[in-house]
Peer 1: 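Here's a structure for you.
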Amino acid sequence: MSTMNTVGRPTAPNQVSEKPATLTGGRGLLQNEALIFEGEGWGKTGVDLPEPKTTGSDLGDLVRKDPIGLPGLSEPEAMRHYVRLSQKNHAIDLAIYPLGSCTMKHNPRLNEKMARLPGFSDIHPLQPISTVQGALELMDTLAHWLKTLTGMPAVALSPKAGAHGELCGLMAIRAAHEASGQHEKRRKVLVPTSAHGTNPATAAFVGYSVVEVAQTDDGRVDVADLASKLGDDVAAIMVTNPNTCGLFERDILEISRLTHEAGAYFYCDGANFNAIVGRVRPGDLGVDAMHINLHKTFSTPHGGGGPGAGPVVLSEALAPFAPAPWVVHDDNGYRLVEREEDEAAQAFGRLCAFQGQMGMYVRALSYMLSHGSDGLRQVAEDAVLNANYIKARLQDLMSPAFPDGPCMHEALFDDEWLKGTDITTLDFAKAMIDEGFHPMTMYFPLVVHGAMLIEPTETESKAELDRFIHAMRLLAEAAKAGDVDRFKGAPFHAPLRRLDETRAARSPVLRWTAPAGSNQAA
Ligand SMILES: *Cc1c(COP(=O)(O)O)cnc(C)c1O
């Protein structure tokens, strides 16, 4: 279907806003779906099982006395409920998901197929080691790829997200300072102003005080400011490279030299590894610890808050402090080093009960093997090319935050170009929804006013990028032409209109309570 030309001629905004709401709340073949607890027909069941023989319970007083409070649904009702809910949401399988800093790429079906192989999906973490040799070999192979791609000697696979990986890295750093007797005096962690919020949060969580490092006018770490803040009271720096402005830290070697000279460790936030995978090895840059968001760089679904994995690669200096478990192998096959004794004597402990996110390991390795080492290099090149294409095609209408030179895998715009229009970054993003496009990341990084951070990833074709660019250009032109209504009231066509997101975040209603008089007590 060619929608290119129709995108430009939506109904005039006034007409749209004045149209009556539909009578049912449904719209255009999309049903208005209530919460499952608000449905009818609680007495039903979707299965037909023989009555269980009632046997005694060991639970004594703890046996439930009231009904469990779950609705009974037939299979079609259950299916429809979830499919209707899914239609209210965006998905990477529908269109580009240009959220900067999130690396929302296509998830190949092959990965899903591999993750569902019974030898990976149906195993239990406490199974005898002899019965899970293949799974352990897969973890070992993944570890090998991660170490090779980063040029680092060790990796802790178990962290379950990027933020968890940051925690792992900083705990390893703290353990190393404790081992050398320097923990008491090294109480600070330096973090640039453009950092993702998880960086200072992690440092504070581990007990450090956070010191901000200034940024230069061209969006990089201010090395002079960093140098002036480094000293024997600093435990580590946390730097993202490429940084959250989508720029490569060109002084990275100097940054790591100064850091090590001061006796501190260099933690690199590896969330943006997609831009350099296969081209730059962080180990060569002097990085001591870096998390890799498998769910970003190596695909794996994470749009709906699905499981992630944030393995942390470690330098020679930090490797002894890696948390258990890890996989080793010898003539007897593969096994896990589990406890903080013998080989793991200096491990700082464990980050999670078992071995981490097996399904994510399988998906990530599947992505790596299907691309090969040359293909992964091309991932980085195409991701960077795509972002620069977007930047180049939009920069006459919108204002790039750092116009000089190419960007890495993200194109960052500020709201300078909206000055005088009465339209904000938020309004613009909401109008994108009406045009069928998920907005980019907004107002991050904080160092750029009204930031719009666009990350296309390598998996978008030129045709898809052109569709996106076409919509962005039409919207930008409408904004400049003073078509304010289109933006102020947007979204007009989404299942829900503009929400009070601040209130939703500050006072979320997390529990559904049955209306008074209802017998559906949960
Ligand atoms: C995504 C991201 C993180 C956190 O990763 P999670 O997997 O979401 O915990 C940290 N830093 C940056 C720059 C990120 O983009």
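Worth knowing before you read on, the calculation uses all heavy atoms, side chains too, and leaves out hydrogens, waters and symmetry mates. Both ligands and their constituent atoms are indexed starting at 1 by order of listing.
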Peer 1: Can you check which of K160, K296, H196, E166 brings a heavy atom nearest to atom 1 (C) of ligand 1?
Peer 2: K296
Peer 1: Can you report which non-hydrogen protein atom sits closest to atom 6 (P) of ligand 1, along with the distance?
Peer 2: G162 N, 3.4 Å
Peer 1: Considering both backbone and side-chain atoms of T240, is one of its nitrogen or oxygen atoms within less than 3.5 Å of a nitrogen or oxygen in ligand 1?
Peer 2: no
Peer 1: Examine distances only and state if a side-chain atom of D434 and a backbone atom of A431 form a donor-acceptor pair shorter than 3.5 Å.
Peer 2: no
Peer 1: With respect to H164, determine whether any N or O atom, backbone or side chain, lies less than 3.5 Å from an N or O atom of ligand 1.
Peer 2: no
Peer 1: Under 4.0 Å between a Lys/Arg side-chain N and an Asp/Glu carboxylate O for K229 and D222?
Peer 2: no
Peer 1: Nearest non-hydrogen contact with atom 10 (C) of ligand 1 belongs to which option: T198, T441, N199, N293?
Peer 2: T198
Peer 1: Please verify the inter-ring angle class for F437 with F468; under 30° counts as parallel, over 60° as perpendicular, anything in between as tilted.
Peer 2: perpendicular
Peer 1: With a 6.0 Å cut-off on the ring centroids, do W145 and F298 count as close?
Peer 2: no
Peer 1: What atoms of ligand 1 come within less than 4.0 Å of a heavy atom belonging to A163?
Peer 2: 4 (C), 5 (O), 6 (P), 9 (O)
Peer 1: Decide, yes or no, whether a salt bridge links E501 with K430 under the criterion of side-chain N to carboxylate O below 4.0 Å.
Peer 2: yes
Peer 1: Report the nearest protein non-hydrogen atom to atom 11 (N) of ligand 1: residue, atom name, distance rounded to 0.1 Å.
Peer 2: D269 OD2, 2.6 Å
Peer 1: In terms of side-chain geometry, is the basic nitrogen of D218 or R250 positioned less than 4.0 Å from the acidic oxygen of its partner?
Peer 2: yes
Peer 1: Test your reading of the structure: does A271 have an N or O sitting under 3.5 Å from an N or O of ligand 1?
Peer 2: no
Peer 1: Using distance alone, decide if ligand 1 has a nitrogen or oxygen within less than 3.5 Å of any nitrogen or oxygen in S101.
Peer 2: yes
Peer 1: With nothing but distance in play, are any N or O atoms of C102 less than 3.5 Å from an N or O of ligand 1?
Peer 2: no
Peer 1: Counting only N and O atoms by type, is there a donor-acceptor contact under 3.5 Å from the side chain of S399 to the main-chain atoms of W417?
Peer 2: yes
